[in-house]
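Side-chain atoms are counted along with the backbone in the values below, which use heavy atoms only and exclude waters and symmetry mates. Just so we're on the same page: letters track the sequence lines, and every chain starts at 1.
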There are 2 protein chains.
Amino acid sequence: MRSAIDDDLTARARIRDAALLRFARDGFGAGLRAVATDAGVSPALVIHHFGSKDGLRAACDAYVLERIRSQKEASLTTETPRESMAHLADLTQYGPVFGYVVRSLAAGGELASRFVDDMVAATEDYLALGVAAGTVSPSVDPAGRARYLVAQSVGLLQLALIDAEAGRAPSPTLEPVAAFTALSRWAVVPAMEMLTEPLLTDHDLLAAAIHELAREEP
Amino acid sequence: MRSAIDDDLTARARIRDAALLRFARDGFGAGLRAVATDAGVSPALVIHHFGSKDGLRAACDAYVLERIRSQKEASLTTETPRESMAHLADLTQYGPVFGYVVRSLAAGGELASRFVDDMVAATEDYLALGVAAGTVSPSVDPAGRARYLVAQSVGLLQLALIDAEAGRAPSPTLEPVAAFTALSRWAVVPAMEMLTEPLLTDHDLLAAAIHELAREEP
DNA sequence: CAGCAGACTAAACGGGCGTTCAGCGCGCCA
DNA sequence: TGGCGCGCTGAACGCCCGTTTAGTCTGCTG
């Protein structure tokens, strides 16, 4: 059985890497011929190895999910939380994988929903640790809160992508590091403010919302 | 000079409406022939009226922006804030326009960035009113906070779109009302919690972030 | 050495795309 | 009434797409 690693010099792997980059740059509308040229092979070889364009995309998705999974495993078994955060912050190590994920989140599809679910679960775990440590407040709906925070991150990425296409910011799919620093330049302070100080002064609104929801569906 | 209103029975308007719906449903990859068929005209007539597919999309964008602008104007001149909110909540009145905007936000392009800017400005105004009324806390960066809140909304829409494509939720581009209620079912409580109770217990993090940012770029 | 399997390619196929073009019919104005 | 403009169409064009096919080269295996 082959691993995803010792494949890395074969034409198959070269095609997959080229596709990752092309799809991240140009979206999933990019043509097979462009991917083949990038990889230095003929269009027919792409079909030979992956069966179809959908097969190629599925292989990219699988590869990305595997990379994420193995990274997560490594983080859990070998690193302290502080090291994990530092690793996460270093976007360069992910190469085109990050751009591909951003593109998937914008385009939808199976990888996007699986990635969202993974992120929600990871966020929920991470928040639970914070709650236990006392740095994070407990929630009346931990799963919902985690999902809400993931939605927030997706929105920030989407705004970065929109700004990039309008030429106002570096693209998260092309220059993830530059895009990330540009994003943090304006977003960190509002984020910290929203996370540390209640935006709304009326604290009863939460109870009212819960009551309202319970009334609608018992 | 023709207005956008008394056009509404002409073939040109029918094509534009069909395009709005098609693009919202299937994305901007949808073909001209599909739009033409929906409108009950020939593909050539689409080109005759709009010059090209890009021209058609530009016309859709312009129409949507005009609808938004006139709606905003009407809200400002004739309605109380409470009526405005009620109007906003009634998504049915926007018809395919809402779906088209969601699709644009996912796909990027000029409409998306202009719409985001509009939303940011409107949110900033709205928050300023809240601050003056005492219901909203003041911010150290009102513009940034408004943008952050818009990013949050975009993220919720994007998540709804992803869930819809995975068959787990109604699509915001097809059934905006159903999608909106499904969204509010899980998101309102986390939102209210995050808006009324600080997620992080260490209130000095905001000051630290501001200090850090000021240190990096004086 | 024969033969076979698999990596790989050049060329072509069918189809959908956006777009062009020549012309048809109908209402308006001289 | 003749002609002109315009909304509109059917048919075609060229392009690019994903995919197929037939075949070459190479290296392993009996």
Query raised in the report: Regarding B:R103 and the six-membered ring of B:F28, is the cationic atom NZ or CZ under 6.0 Å from the ring centre and inside 45° of its axis?
Result: no
Query raised in the report: At under 4.0 Å between heavy atoms, what does A:A30 touch on the DNA or RNA strands: base, sugar-phosphate, or nothing?
Result: sugar-phosphate
Query - Rounded distance in Å - CD1 (A:I15) to P (D:dG18) - result: 14 Å
Report task. Just call it for B:V41: base, sugar-phosphate, or nothing, with non-hydrogen atoms closer than 4.0 Å on any strand. Result -> sugar-phosphate
Query raised in the report: Whole Å only: how far is the CD1 atom of A:I47 from the C1' atom of C:dA7?
Result: 15 Å
Requested in this report: Rounded to the nearest angstrom, tell me the gap between atom CZ in B:R12 and atom C1' in D:dC6.
Outcome: 14 Å
Query raised in the report: Can you check the B:H49 NE2 to D:dG5 C1' distance for me, whole Å?
Result: 14 Å
Requested in this report: Could you check how far NZ of B:K53 sits from P of C:dG16, rounded to whole Å?
Outcome: 15 Å
Report summary line: Separation between SG (A:C60) and CG (A:L20), nearest 0.5 Å, reads 5.0 Å
**Report entry** Full working for side chain to side chain contact (heavy atoms under 4.5 Å, CB included) between B:L199 and A:L149
**Finding:** CA-CA 11 Å; B:L199 185 142; A:L149 283 169; 3.9 Å; yes
Requested in this report: Check the distance between D:dG7's P and B:F50's CZ and give it to me in whole angstrom.
Outcome: 12 Å
Query raised in the report: Is there a side-chain polar atom (N or O) of B:H48 under 4.0 Å from OP1 or OP2 of C:dT20?
Result: no
**Report entry** Rounded distance (Å) that lies between atom P of D:dT24 and atom CG of A:L45
**Finding:** 18 Å
Requested in this report: Indicate, yes or no, whether a donor-acceptor pair under 3.5 Å links the base of D:dG18 to the side chain of A:R33.
Outcome: yes
Requested in this report: Count the heavy atoms belonging to other residues, nucleotides or ligands that lie under 6.0 Å from CZ of A:R57, then report whether that count exceeds 12.
Outcome: yes
Report task. Could you check how far CZ of B:R57 sits from P of C:dT19, rounded to whole Å? Result -> 14 Å
